There are 2 protein chains.
Amino acid sequence: MDVRTQILDVATRRFAAQGYGGTSLSAIADEVGIRKASLLYHFPSKDELHRSVLDQVLSRWNEVLPRLLAAGSADRFDALLHETVRFFSEDPDRARLILRETLDNPVTMRERLLVAVAPWLQVIAGYVRRGQESGEVRADADPEAYLLHVIHLVVGGLAISDTLGIVLSPDGASSDIQRLTRELERIAKVSLFTDEGIERMNGRRAAAHAGSH
Amino acid sequence: MDVRTQILDVATRRFAAQGYGGTSLSAIADEVGIRKASLLYHFPSKDELHRSVLDQVLSRWNEVLPRLLAAGSADRFDALLHETVRFFSEDPDRARLILRETLDNPVTMRERLLVAVAPWLQVIAGYVRRGQESGEVRADADPEAYLLHVIHLVVGGLAISDTLGIVLSPDGASSDIQRLTRELERIAKVSLFTDEGIERMNGRRAAAHAGSH
DNA sequence: GTAGCTCTCTACCGATCGGTAGGGAGACCC
DNA sequence: GGGTCTCCCTACCGATCGGTAGAGAGCTAC
């Protein structure tokens, strides 16, 4: 594997586990098997390395979006939530990085996140508007605030998944992940829906369940 | 104010904002207005100081419980959730400290949290059992896992409250806090309840709302 | 007075931090 | 062959880290 890629991999794990201040360049270099000076040849500074790690996670996350938009699935909100859970459960270090950065630099990270999810905002806004027209979604729902809420719900849950006793698997096939996904879907909708919307949702789920037999 | 208390106050803010590795003893001492050596007279090491900060938060949190159990309110689960939100919204640094510690030392922190909330576990277990008998709560609900989930839901939400755009107020009177409390109450129950239980909950809420007019 | 306790100070310690200078080995181009 | 580019190395830099030694100021007790 490329040395640069190896550095990024190790740095991702270290920054996620010990944070920026708790991770030293020598420790990363040691694990990769090179000297610290060699590491600084590939990344000119610790800040730059950290930024690259974060950029990689955010850009990979952003790659998920076009795939969803292109698919044009009937219920794109469900697909979006499902894919987001899958993305972060695939490697919970991604969630830990984002959560740590949110704690370390709240203002900057809020802006970065809003930029990163800007394309999704339109999808959500349309979803919310249609839901409000049909009475399923609350009148006071704010798409932007709601999107941030849901993202941090997923990120927060997966960042501390081991503490919560959630068993992960790389292909997302673990029963805990499937259960968590369903749970988060319900939670995400409950914070958005009216009481009537929730009952309609439950009705649809019951019908779908009956129909699948 | 007592110097030792001042140190604890400043350290709480710094550890919450910049984490353990990102906070230096000199920085804390400077803000308090003493030399680093004087700080180390009151707390023999950085580790000890950090432990004291965390201990203070957890013990203050634990003080909330007896008050609730003594009150013996009809729906103690609601009271518990409400008080937990109030406690962490009073000073979100408490939530940040716990969240950071959970990220830095997941195994240790899981155990500490379980010990800290052990008295609550009985209350929840009883609540869950009764709910299961009446069909409101899912059959597969695990009180311990559920309790950790709810706590981290509250802690996570309040730790990044500024990023989420939640306006806090020390007395918990801000409309955002009231809204968040209601939201978390619904979310907490949705992850525990059956579909039927949710509809009954909504029915009760509607009735209470109508009755209040 | 003076002994002793509490608290803060200056000065210093070794270790480690992020980062730099400069050289050497190998591959490639001409 | 020689020149150049890539990559890693050793050796070193000043700054800062957590922590220690020891003196001195202020207070209390006798």
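Treat the numbers as computed from the prediction; the structure is a model and nothing was measured. These values consider heavy atoms only, across backbone and side chains, with no hydrogens, waters or symmetry-generated copies. Within every chain, numbering begins at 1; the chains are lettered A, B, ... in the order of the sequence lines, protein sequences first and strands thereafter.
- Side-chain nitrogen and oxygen atoms of A:Tyr41 include at least one within less than 4.0 Å of the OP1 or OP2 phosphate oxygen of D:dC7.
- When the nucleotides D:dT10, D:dC7, C:dC7 are ranked by their closest atom to the side chain of A:His42, D:dC7 comes out on top.
- By the side-chain contact (heavy atoms from CB on, under 4.5 Å) test, A:Asn105 pairs with A:Glu101, A:Thr108, sequence neighbours left out.
- Applying the ring-ring contact (aromatic ring centres under 6.0 Å, His included) criterion to A:His42, with sequence neighbours excluded, gives no partner residue.
- A:His50 is linked by a ring-ring contact (aromatic ring centres under 6.0 Å, His included) to A:Phe15, A:Tyr20, counting only residues two or more places apart in sequence or in another chain.
- Applying the side chain to side chain donor-acceptor pair (under 3.5 Å) test to B:Asp2 and every residue at least two apart in sequence or in another chain returns nothing.
- B:Arg110 is not listed as a side-chain neighbour of B:Thr102, based on a closest heavy-atom distance of 4.5 Å or more.
- Applying the 4.0 Å criterion to OP1 and OP2 of D:dC7, one finds that A:Ser38 has every side-chain N and O outside that range.
- Less than 4.0 Å separates DNA chain C from no heavy atom of any residue of residues 7-19 of chain A.
- Per the geometry, CZ belonging to A:Arg35 stands 17 Å off C1' belonging to C:dT20, to the nearest Å.
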Side-chain donor-acceptor pairs under 3.5 Å in residues 3-13 of chain B, sequence neighbours left out?
unit_1, atom_1, unit_2, atom_2, d
B:Gln6, NE2, B:Met1, O, 3.3
B:Thr12, OG1, B:Leu8, O, 2.6
B:Arg13, NH1, B:Glu31, OE2, 2.9
B:Arg13, NH2, B:Glu31, OE2, 2.8

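- Atom CG in A:Asp2 sits about 12 Å away from atom C1' in D:dC7, given to the nearest Å.
- For B:Arg96, the salt bridge (Lys or Arg N to Asp or Glu O under 4.0 Å) partners at least two apart in sequence or on another chain are B:Asp93, B:Asp162.
- Contacts of A:Tyr146 classified as ring-ring contact (aromatic ring centres under 6.0 Å, His included), with partners at least two apart in sequence or in another chain: none.
- Summarising the geometry, the separation between CD1 on A:Ile34 and C1' on D:dT6 is reported as 14 Å, rounded to the nearest angstrom.
- For the pair B:Arg4 CZ and C:dT8 P, the computed distance is 12 Å after rounding to whole Å.
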Report task. Starting at the 5' end of nucleotides 14-27 of chain D, put B wherever the base has a protein heavy atom under 4.0 Å, S where only the sugar-phosphate does, and a dash everywhere else. Result -> ---SBBBB------

